[in-house]
Protein chains: 2
Amino acid sequence: MVKIPIPDIVVSRLPLYLQMLQLMQLEGKLSASSKEMGKRLGISAAQIRKDLSQFGEFGKQGTGYSIPFLIDQLRDILNVKKTWDIILVGAGDLGHAIARYQGFTNRGFRVAMVFDSDSDKIGKKVGNCTVEDIVNLKQRVHESGIRVALLTVPSSSAQVVAELLVQAGVCAILNYAPIQLSLPPGIQVRNTDPILQLQHMTYYMAR
Amino acid sequence: MVKIPIPDIVVSRLPLYLQMLQLMQLEGKLSASSKEMGKRLGISAAQIRKDLSQFGEFGKQGTGYSIPFLIDQLRDILNVKKTWDIILVGAGDLGHAIARYQGFTNRGFRVAMVFDSDSDKIGKKVGNCTVEDIVNLKQRVHESGIRVALLTVPSSSAQVVAELLVQAGVCAILNYAPIQLSLPPGIQVRNTDPILQLQHMTYYMAR
DNA sequence: CATTGTGAACGGGTTCACAGCA
DNA sequence: TGCTGTGAACCCGTTCACAATG
């Protein structure tokens with residue numbers, strides 16, 4: 001039995017589906033058709049059906065998809081039935097905002113540790129965590145078994161800190177610095193740079 | 001003369017190229033080959049050549065691309081030769097972090113106004129701006145002519161505020177709330193939700 | 001000789017259209 | 001009737017390969 005791997009582009013849409021379904025659940029809806037979901041997300045209904053059908057037959061003809069059931073399936077597929085502890089490196093303004101953000105709960109994540117190298121910040125409380133010294137990062141992360149990290153340090157130190165994270169056993173990094181990290185294969189890296197998105201939009205803003 | 005529109009996926013890579021080239025410039029490099037650029041970004045050299053060739057013949061055989069020249073061209077293509085004033089709505093933790101962020105300079109943007117509805121925040125200084133009352137948003141933005149906005153309000157008010165922004169003349173919104181905005185066609189919308197990226201990564205993190 | 005620009009080939013993601021089913 | 005699941009057709013982005021050139 002050979003499993004054809006699911007295209008990455010399909011996987012990238014699943015979190016979007018989950019987000020939307022959780023919203024629809026809050027609105028009190030019990031089921032959703034591919035047509036309705038597509039309309040909300042600006043995606044074709046056929047696309048959504050095809051995406052979901054890669055993982056099983058989740059829908060019912062004539063009715064659509066049961067929202068609680070589909071949420072459960074997606075959480076399972078995305079590995080967010082359990083809550084992932086994550087570590088945050090960089091306790092600047094952005095790090096503060098993330099550490100205090102309430103939106104991780106119920107979506108599969110929890111900021112469990114915060115690190116920084118600035119002695120003024122170490123020992124201070126940020127959200128539910130106390131900022132720890134980055135020199136202890138490797139040991140602390142190793143023994144905690146945490147494998148997901150958010151990187152909110154200045155660009156100039158992002159590469160070095162990312163390598164430190166990998167040494168500590170981290171295998172998924174969400175990088176907020178506007179540079180391209182170079183890390184071993186097998187390490188998941190995603191980037192978040194608002195300016196890239198702004199520039200993408202200004203392209204279309206005719207003079 | 002019929003201009004074939006550039007594929008959106010190509011446009012989305014241009015900001016990445018620009019970011020990288022500006023970094024290479026800081027490193028003191030004067031030219032770059034498609035091979036070298038591709039290696040840095042994890043993209044094929046052919047892809048980069050094809051992307052750039054859509055806009056003109058920027059390279060020189062045997063040498064590659066002149067970095068200052070290519071930066072200039074990309075800034076022109078992306079409309080970031082001038083600096084765009086942008087407005088920020090939502091002066092919470094994330095709004096604060098963005099308003100104080102130094103990285104907009106030299107990449108084409110500047111936070112020019114900040115709005116919030118919380119009377120405790122109105123009048124307070126955030127970065128270089130004073131938080132203004134959201135009831136004045138429509139008028140103030142109209143007369144300023146600003147057309148780009150960052151939306152950092154709670155999910156529950158994001159849709160309403162987004163509509164307000166559109167009424168005020170904004171036509172590009174970077175939305176930080178984890179919901180899908182529904183706005184008129186022609187309005188540019190991009191979303192930033194770190195949890196979508198985290199869930200994308202956890203999919204691949206085998207049990 | 002290294003590297004660009006590009007037509008052609010390729011691959012794969014999206015849409016179509018419909019059988020099948022509640 | 002309404003909607004899913006899916007093979008087939010279609011479309012489009014990527015890669016290939018090479019002529020052209022400084």
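Numbers restart at 1 for each chain; the letters A, B, ... are given by sequence-line order, proteins then strands. Source: prediction; values computed, not measured.
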Are B:Pro7 and B:Gln54 packed together at the side-chain level, in the sense that at least one heavy-atom pair is separated by less than 4.5 angstrom? yes
Looking at every strand, decide which applies to B:Gly62 at a 4.0 Å heavy-atom threshold: base, sugar-phosphate, or nothing. base
For residues 154-163 of chain B, which side-chain donor-acceptor pairs fall under 3.5 Å, sequence neighbours excluded?
from     : atom 1 : to       : atom 2 : distance (Å)
B:Ser157 : OG     : B:Pro154 : O      : 3.4
B:Gln159 : OE1    : B:Ser182 : N      : 3.0
B:Gln159 : NE2    : B:Glu163 : OE2    : 2.6
B:Gln159 : NE2    : B:Ser182 : O      : 2.9

Hey, is B:Asp8 close enough to B:Arg13 for a salt bridge, meaning N to O under 4.0 Å? no
Rounded to whole angstrom units, what separation is found between the [atom1] atom of [X] and the [atom2] atom of [N]?
X: B:Gln73; N: C:dG5; atom1: CD; atom2: P; result: 12 Å
X: A:Met37; N: D:dC3; atom1: CE; atom2: P; result: 11 Å
X: A:Glu36; N: D:dG2; atom1: CD; atom2: P; result: 15 Å
X: A:Lys35; N: D:dT4; atom1: NZ; atom2: P; result: 10 Å
X: B:Phe55; N: C:dT4; atom1: CZ; atom2: P; result: 17 Å
X: A:Glu57; N: D:dC3; atom1: CD; atom2: P; result: 18 Å
X: B:Gln54; N: C:dT4; atom1: CD; atom2: P; result: 16 Å
X: A:Ile9; N: D:dG13; atom1: CD1; atom2: P; result: 11 Å

On a heavy-atom basis, which atom in A:Asn79 and which in B:Thr202 lie closest, and how many Å separate them? ND2-O, 2.9 Å
Would you call the rings of B:Phe104 and B:Phe109 parallel, tilted or perpendicular, taking 30° and 60° as the class edges? perpendicular
Pick out which of B:Asp118, B:Asp116, B:Leu164, B:Val153 makes a side chain to side chain contact (heavy atoms under 4.5 Å, CB included) with B:Ile134. B:Leu164
Are B:Arg75 and B:Gln73 close enough, and set up right, to give a side-chain hydrogen bond (donor to acceptor under 3.5 Å, both in side chains), and what steps lead you there? CA-CA 5 Å; B:Arg75 289 185 63 211; B:Gln73 293 296 317; over 6 Å; no
Between B:Phe58 and A:Ile43, just flag the one whose closest nucleotide in DNA chain C comes earlier from the 5' side. B:Phe58
Can you tell me if [X] touches the phosphate of [N], counting only side-chain N or O atoms and a distance under 4.0 Å to OP1 or OP2?
X: A:Ser44; N: C:dT15; value: yes
X: B:Arg13; N: D:dT14; value: yes
X: A:Ser34; N: D:dT4; value: yes
X: B:Tyr65; N: C:dA2; value: no

N/O-N/O pairs, protein side and nucleotides 8-12 of chain C side, under 3.5 Å:
from  : atom 1 : to      : atom 2 : distance (Å)
C:dA8 : N6     : B:Lys50 : NZ     : 3.3

If you check the B:Gln61 side chain, which of C:dG13, D:dA20, D:dG13 turns out closest? D:dA20
Among C:dA17, C:dT6, D:dT14, which is the nearest nucleotide to the side chain of A:Arg49? C:dA17
